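Structure, as C-alpha cells:
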Amino acid sequence: MKVISGAADELSNELFAKVCRYRHKVFVETLGWELDTEEGVELDQFDHAGTIYVVAQDEDGEVIGCGRLLPTSQPYLLSEVFPQLLKGAAPPCHSDIWELSRFAAMDFNKKSDTALDQVSSSIAVKLLQASIACAARLGAKRLVTVSPIGMERWLRRGGFNAQRLAPPMKVDGQTLFACLIEVQKNAPILVGELPFLNGQAIIRKPEQSRWPTAHSAQSALSKARSGTIHGN
C-alpha cells in the first residue's frame, strides 16, 4: 500500500479524477448517501485548490482509501453542514485544529469483503495513521471529524485517542457524532507514505467556485498549476 498526501494542485489530474470516482463509489453507490453528484464523481464545496488530500493506492495504482484535511480556521464540513452535532457549542476555529472528512478505506478489488469488513480493515488503520501524520506536519494538534457512531468503538480499538464533542444524534436516519482525535507530536512518516509531492504544504483560502465534474476539477487544477488560480 502506498499513501500520497498533498494539496489539490499537487495531485495529478489522473489521480484526482480517481479519487472523485472512488468517493462516489463509496459514499453514493455503496453507503447510499444522498449527495449532489454528477457523472459518477463526488465533490463538494470543500474540495478546492487549498484542500489537502491523503490517498492510499494499491500496487496497481488503484485508490483503496482517501481522506481530506482542512484547517478549521476556514469553512469546513462540521461548521457549515453539521453544526447541530455540537448541540449549541461553537465549532472549533483554530489553526492547530484540522478537520478530517470524506474518510474511506474500501478496497473494491476484494470481492468477498462486506462494506463493514472493508472499513474495519488494516487499510483504514494505516490510512488514519497517515492522515494524523500528515496533519501533524501541517501544524495540527487535534483533528475534528463527523462519523457514524459505530466508528467510536473502532477508534478506541485502533488505539486512537478520541473524545466526543457532544452526544450523538440522528441526522437523515444515521446516528452521527462529532469528535476530536489527538494528533501525535512529531508523527513519523509511515512506510510507503509519500508526503507532499512538492516537499511542502501550502495552505490557501478556498476557491469560491464548485467543481461539479471530474473534467472541470481537472481543468481547475491545471489552471492552478499554471498559476491562473490563486488563493487570496
Side-chain angles (χ1 to χ4, degrees), residues 22-37 42-47 51-54 56 65-106 113-136 138 140-184 187:
Y22 176 80
R23 279 174 32 177
H24 188 278
K25 191 168 185 178
V26 170
F27 297 111
V28 178
E29 299 175 34
T30 304
L31 299 180
W33 290 12
E34 295 183 2
L35 301 173
D36 182 14
T37 63
E42 195 277 307
L43 292 163
D44 65 16
Q45 66 267 37
F46 306 109
D47 293 296
T51 305
I52 303 295
Y53 296 90
V54 184
C66 68
R68 69 179 176 194
L69 293 165
L70 285 168
T72 60
S73 54
Q74 65 185 45
Y76 62 102
L77 189 69
L78 175 61
S79 68
E80 303 298 307
V81 179
F82 295 110
Q84 67 271 35
L85 293 178
L86 297 172
K87 299 294 178 71
C93 181
H94 200 283
S95 60
D96 66 10
I97 302 177
W98 284 60
E99 181 185 58
L100 174 64
S101 61
R102 289 301 193 267
F103 182 85
M106 292 188 182
D113 281 353
T114 65
L116 181 59
D117 290 336
Q118 291 163 326
V119 171
S120 301
S121 71
S122 62
I123 296 173
V125 174
K126 292 176 182 177
L127 182 61
L128 183 52
Q129 289 172 338
S131 300
I132 290 173
C134 177
L138 291 164
K141 295 180 179 178
R142 288 175 289 178
L143 291 179
V144 64
T145 186
V146 174
S147 301
I149 188 61
M151 292 298 291
E152 185 174 39
R153 182 177 297 177
W154 179 86
L155 287 167
R156 289 174 179 169
R157 284 204 309 263
F160 300 103
N161 186 357
Q163 63 183 60
R164 291 182 183 180
L165 288 174
M169 69 179 298
K170 278 207 168 185
V171 180
D172 296 330
Q174 293 191 75
T175 303
L176 305 177
F177 77 111
C179 74
L180 282 175
I181 301 173
E182 295 297 323
V183 170
Q184 179 184 350

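These figures come from a predicted structure and were not determined experimentally. Throughout, numbering of the chain's residues begins at 1 and tracks the sequence.
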Inset, instruction - Just do the salt bridge (charged side-chain N to carboxylate O under 4.0 Å, His left out) check on Asp47 and Arg68 with the steps written out, would you? - result: CA-CA 8 Å; Asp47 293 296; Arg68 69 179 176 194; 3.0 Å; yes
Inset, instruction - Using modelled atom types only, decide if a donor and an acceptor are shared between the side chain of Thr30 and the backbone of Phe27 within a distance under 3.5 Å. - result: no
Legend entry - Donor-acceptor contact present, side-chain Trp98 to main-chain Ser95, <3.5 Å: yes
Inset, instruction - Answer whether the closest heavy-atom distance between the side chains of Phe160 and Val125 falls below 4.5 Å. - result: yes
Legend entry - Closest non-hydrogen atom pair between Thr51 and Phe46, with its separation: OG1-O, 2.7 Å
Legend entry - Flag, side chain of Glu99 to backbone of Leu78, donor-acceptor distance under 3.5 Å: yes
Legend entry - Nearest non-hydrogen partners of Leu100 and Gly67, listed with the distance: CD1-CA, 4.2 Å
Inset, instruction - Taking the side chain as every heavy atom from C-beta outward, state whether Leu165 and Leu85 have any atom pair closer than 4.5 Å. - result: no
Legend entry - Main-chain N/O of Cys93 paired with Tyr76 side-chain donor or acceptor, under 3.5 Å: no
Inset, instruction - Start with the C-alpha gap between Ile181 and Ile132, add the side-chain angles, then the distance that decides, and say whether side chain to side chain contact (heavy atoms under 4.5 Å, CB included) holds. - result: CA-CA 9 Å; Ile181 301 173; Ile132 290 173; 4.1 Å; yes
Inset, instruction - Supply the atom-to-atom distance Phe103 CZ to Cys66 SG, rounded to the nearest 0.5 angstrom. - result: 8.5 Å
Inset, instruction - Kindly say whether Leu77 contributes a backbone atom to a donor-acceptor pair with the side chain of Ser101 at under 3.5 angstrom? - result: no
Inset, instruction - Measure the shortest side-chain to side-chain distance between Tyr22 and Glu42 over non-hydrogen atoms and say whether it is less than 4.5 angstrom. - result: no
Inset, instruction - Determine, stepwise, if the pair Arg102 / Asp44 fulfils salt bridge (charged side-chain N to carboxylate O under 4.0 Å, His left out). - result: CA-CA 10 Å; Arg102 289 301 193 267; Asp44 65 16; 3.3 Å; yes
Inset, instruction - Taking all non-hydrogen atoms of both residues into account, name the closest pair between Leu69 and Ala135 and its distance. - result: CD1-N, 4.1 Å
Inset, instruction - Would you mind reporting whether Trp154 and Leu128 have side-chain heavy atoms less than 4.5 Å apart? - result: yes
Legend entry - Results of salt bridge (Lys or Arg N to Asp or Glu O under 4.0 Å) for Glu182 - residues two or more places apart only: none
Legend entry - Gap between atom CZ of Arg23 and atom OG1 of Thr37 - 0.5 Å precision: 11.0 Å
Inset, instruction - Taking the side chain as every heavy atom from C-beta outward, state whether Leu70 and Pro75 have any pair of such atoms under 4.5 Å apart. - result: no
Legend entry - Flag side-chain contact, heavy atom, 4.5 Å: Phe177 against Pro167: no
Inset, instruction - Indicate the atoms forming the closest heavy-atom contact of Leu127 with Ala105, along with that distance. - result: CD2-CB, 4.4 Å
Legend entry - Within 6.0 Å of CZ in Arg156, more than 12 heavy atoms from elsewhere: no
Inset, instruction - Would you check, one step at a time, whether the test side chain to side chain contact (heavy atoms under 4.5 Å, CB included) holds for Cys134 with Ile52? - result: CA-CA 9 Å; Cys134 177; Ile52 303 295; 3.9 Å; yes
Legend entry - Thr72 side chain vs His94 backbone, donor-acceptor pair below 3.5 Å: yes
Inset, instruction - Would you name the heavy atoms of Met169 and Gln84 that are closest together and state the gap between them? - result: SD-O, 3.3 Å
Inset, instruction - Output the distance between atom CG (Leu138) and atom CG (Asp96), rounded to the nearest 0.5 Å. - result: 12.0 Å
Legend entry - Straight-line distance of Lys170 NZ to Thr175 OG1, nearest 0.5 Å: 5.0 Å
Legend entry - From Leu176 atom CG to Met151 atom CE, the distance as rounded to the nearest 0.5 Å: 12.0 Å
Inset, instruction - Drop me the distance from Cys179's SG to Leu155's CG, to the nearest 0.5 angstrom. - result: 5.5 Å
Inset, instruction - Quick one: closest heavy-atom pair of Ala140 and Val183, and the distance? - result: O-CG1, 3.5 Å
